[in-house]
Number of protein chains: 2
Amino acid sequence: MSEKLFVSAQEVAERAGVSRSAVSRTFTPGASVSTETRRKVLEAAEALGYHVNELARGLMRNESGIVCLIVSDVATPYRSALLRELTLLLQNAGKVAMLINTDRSDGSVDRALRQAIRYRADASIMLSGMPDKSIAQLCLRSGQRLVLINRDDEQPGPLRINLDDDEAAGRVVTAFVRAGCRKLAFANSEAGTPSLMARERGFVAAANALGIKVSVERHGWTGYEAGKVLAQRMLTRTERPDAVFCATDLLACGFMDAARHQFSMSVPDQLCIAGFDDIEQASWSSYDLTTFAQPVSAIASKAVEWLSQPQPQPQNDDTICAQSIRLHAELVWRGSIRGG
Amino acid sequence: MSEKLFVSAQEVAERAGVSRSAVSRTFTPGASVSTETRRKVLEAAEALGYHVNELARGLMRNESGIVCLIVSDVATPYRSALLRELTLLLQNAGKVAMLINTDRSDGSVDRALRQAIRYRADASIMLSGMPDKSIAQLCLRSGQRLVLINRDDEQPGPLRINLDDDEAAGRVVTAFVRAGCRKLAFANSEAGTPSLMARERGFVAAANALGIKVSVERHGWTGYEAGKVLAQRMLTRTERPDAVFCATDLLACGFMDAARHQFSMSVPDQLCIAGFDDIEQASWSSYDLTTFAQPVSAIASKAVEWLSQPQPQPQNDDTICAQSIRLHAELVWRGSIRGG
DNA sequence: TTGTAAGCGTTATCAA
DNA sequence: TTGATAACGCTTACAA
C-alpha cells in the first residue's frame, strides 16, 4: 500500500557507504564479507530498521521458504497437536508455515493447493482431504514437494506417512478378548478416510479370525457428538456389546459419556472402550481412555526432515521418487479396558 | 533450486499470442481486457498450468496478502478454535494466514514479528504474548497493521480486542452467592496475562463488595494438570471452599476431576465450579461446566473486518489510530453451579 | 483495448 | 573481498 514504507537494501547500502551487494552478502549465510563491511552494514541496518524482503529473495532464489499446511478441522485436538509440532519443527528448520483451511466442499482441497502454488510454497503438507490427481501432478511438476499424512496410499505425492492402523486394530481385539469380552462392536464415522477404514477392517478381520462377529455402526463426522449418537444406537439394542472400539478418541469420549450418563453403564466393568489418537482428553481422569498414540512428533519430524534434505534426485516427470513411511501406533494402557 | 519449473506470464503470453501485460490484466480484477483476449489468455494459462506468482505480485503492489497469526500453545482448545475462525475468515477475505508459533522464551514474540516483517505481511494478529514496544513500533512504521486479541490495553497496536473480563467475573460471584455459597475461591495460573488477572481482580472485588473473602491460588500455566494441582492445594485445607471460579475452562476441568476422583466431592452439591472460555469440553457430559463463552467468531470477524478496510487514515507516526473494541463474554449456564 | 518500458527488492555472475 | 549489471516475474503508467 501507499508510499515506500519498508526500508530497502539500497538505503542501507547508502547509509553504510557500501554497495547494495555488500548488504545482500551480509545477510546471506556463507557469503564472503569482511568483518569491517559487515559491521558497517549491520549498524546501518539496525539504525534504519532493515529486514530482508523474503518476497524478493524468494523470487530470485526460486525458493520461498514457505511450507503450506493443508488441513480441515484445525480445532480438533489431534489436528491441532500435529499442527503445533509441524509449525515448531518448520520454524527450527528455517521455514515458515502457511495455514490453509479446507472444508468438505468440492474443490476445497484443490483450491488450497492452487494457493500453495501461487505463493510458490516449497512444499505442501496435507493433513486432511485428498488432492485431485491432476492438481497434485501440477504441484510436483512445478517442483513443489508434497507430503501426505494419514492419507490414502493410492494418492499421488512423493512422501506418504501412514500408521499401522489395521495391525493396531488387531491388538485391541486381543485386549478385549483377554478382558473376557465377546460381544464386540466398532464405532466409526461416515468420513470414510483411509485410516479410519483401515482400523475398521483390521478390527473386524482380527475378530473374525477368532470366530467373533463384530457389529459395526457409522455415523457423522468423527466428533464427540457423533460418539454419543453411536452409543445411543448401539446400546438400545436388545443385545448390547460388552466392548467397543471407537475409530477416534473423540468418538470414544462421546460414547463413554453416553454410556455412563444416559445408560448408567459402568466402564470398564460392563463395557470396555478403546479409542485412537491419544488426544490430551484421553488421559483426563473422567475418561482414562485406553487408546493408540499417534506418534505426532515422529510424524512431524519425518516430514520436516524430508523437506530439509537438499532435493532428492533429478525427477523424472511421473512417479517422482514416491516414498512411503509406515509408523507404529503404540497402545497406551489406561482404565477403560479391564485387566490392563 | 534447479531450473525454471513454474510457468511464467511470459510463456502464457507467447502461447496466447498477446503481450505479457494482457496476461497480467486478465488476472487482475477490474482491469480492462477484451473478452477475446481474455479467452485466449485463460486458455493458454489453463493448458500450461499457469498460476500468478504472488511473491512477484506482492513485490510490485507492496501488499503481500499475507496475515501473520502469532500464537503460543496452538494445541489448546480455545486457541485452536480462534485459529480456525481466523483462518477461515481471512481466506474468505482473500488473504492467507501465516502461522508463527511462539513460546515463553525471551524474544520469541519479537522474532515472530520480525518474521512477519521479512515476509512483508500486511498485518499481524497476536493471540499470545506481548510484543516489545520498539519492534511493534517498527511494524507500524513499516505500514504493517497490528491486532492484539486479549492482550494488555497498555500494549502498542492500532486494534485491540478485549473482553469484559472483570465485569464477567462479578457475575460469577452473584451466581455463587445465589447458590448459597459463601466460601469462595479463585484458581488462577501463574501466566499473569492481563485477561487472567482482570478475571481475578474482578472476582475478588465483587466478592469483597459483598463482604466475602476470597482465597486465591496460582499455579502453573493454565492447563488441565495445573487445575488438578490447584485442587489438591485448596481441597486439603481445613476449610474447603464451597465454590471456585477457575480462570480458564482447562483449569476448571482439572479442578473438577481432582475434586471428584481424588476428594470424592460431588459437583455441584458440595462444590460449585465455573470456568472461562467455553471450550468444547466444557459442554461434554462429564463436565457440564458453567462458563463464559469467548465470542470467538465475533472476535475473528472484528479483526478481519478491520483488516479488510482500505487503510484507515494518513497515519501520523506515533499513535496510529489506536482503536479498542470491548466484547461481551456471555455466561453459559450448565450444571456445575446449583440452581441455574 | 493493447503493447512498450520502467520499476519493485532481491540474488547471482563476473570482472576488478 | 568488492561493486556493477543482469536477471526473477510481476504491475502499471504511458503511449499507441
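Keep in mind the model is a prediction, meaning the values are calculated, not measured. Naming: A, B, ... by sequence-line order, numbering from 1 per chain.
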Want to settle it: does A:M60 or B:R25 sit nearer the 5' end of DNA chain C, counting the closest nucleotide to each?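 Going by which nucleotide is closer to the 5' end, it is B:R25.
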Both B:A22 and B:L59 contact DNA chain C. Which one's nearest nucleotide lies toward the 5' end?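 With B:A22 and B:L59 compared, the 5'-side residue is B:A22.
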So [X], base contact, sugar-phosphate only, or nothing? Heavy-atom distance under 4.0 Å.
| X | answer |
| --- | --- |
| A:S34 | sugar-phosphate |
| B:V33 | sugar-phosphate |
| B:S8 | sugar-phosphate |
| B:Y50 | sugar-phosphate |

What's the [atom1]-[atom2] distance between [X] and [N], to the nearest Å?
| X | N | atom1 | atom2 | value |
| --- | --- | --- | --- | --- |
| A:R57 | C:dT11 | CZ | P | 4 Å |
| A:L55 | D:dC8 | CG | P | 18 Å |
| B:R38 | C:dT2 | CZ | C1' | 15 Å |
| B:F27 | D:dC10 | CZ | P | 10 Å |
| A:K40 | D:dT1 | NZ | C1' | 12 Å |
| A:N62 | D:dC10 | CG | P | 11 Å |
| A:N53 | D:dC10 | CG | P | 16 Å |
| A:E63 | C:dA12 | CD | P | 10 Å |

Polar contact flag, side-chain donor to acceptor under 3.5 angstrom, [X]-[Y]:
| X | Y | result |
| --- | --- | --- |
| B:S34 | B:T37 | yes |
| B:Q144 | B:S124 | yes |
| B:D73 | B:Y78 | no |
| A:N101 | B:T87 | yes |

Using five pairs at each end of the helix from C:dT1-D:dA16 to C:dA16-D:dT1 to define an axis, what is the angle between those two axes, to 10°?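 The angle, to the nearest 10 degrees, is 30°.
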For DNA chain D, whose closest nucleotide is more 5', that of B:R20 or that of A:T37?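 That would be A:T37.
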Solution key, residues 39-52 of chain A side-chain donor-acceptor pairs under 3.5 Å, sequence neighbours excluded:
{"from": "A:R39", "atom 1": "NH1", "to": "A:E43", "atom 2": "OE1", "distance (Å)": "3.0"}
{"from": "A:R39", "atom 1": "NH2", "to": "A:E36", "atom 2": "OE2", "distance (Å)": "3.2"}

Looking at A:S21, does any N or O in its side chain come under 4.0 Å of the phosphate oxygens OP1/OP2 on D:dT2?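 False: A:S21 side-chain N/O out of range (4.0 Å or more) of D:dT2 OP1/OP2.
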For salt bridge (Lys or Arg N to Asp or Glu O under 4.0 Å), just list the numbers for A:K133 and A:D110, CA-CA rounded to whole Å, side-chain angles, deciding distance to a tenth of an Å, and then say yes or no. CA-CA 10 Å; A:K133 210 138 193 162; A:D110 295 354; over 6 Å; no
Any donor and acceptor pair, going by atom type alone, linking the side chain of B:S142 with main-chain N or O of A:F6 inside 3.5 Å?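 Checked: no pair found.
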Starting the side chain at C-beta, find the nucleotide from C:dG9, D:dC10, D:dT2 nearest to A:S32.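 Among C:dG9, D:dC10, D:dT2, the one nearest the side chain of A:S32 is D:dT2.
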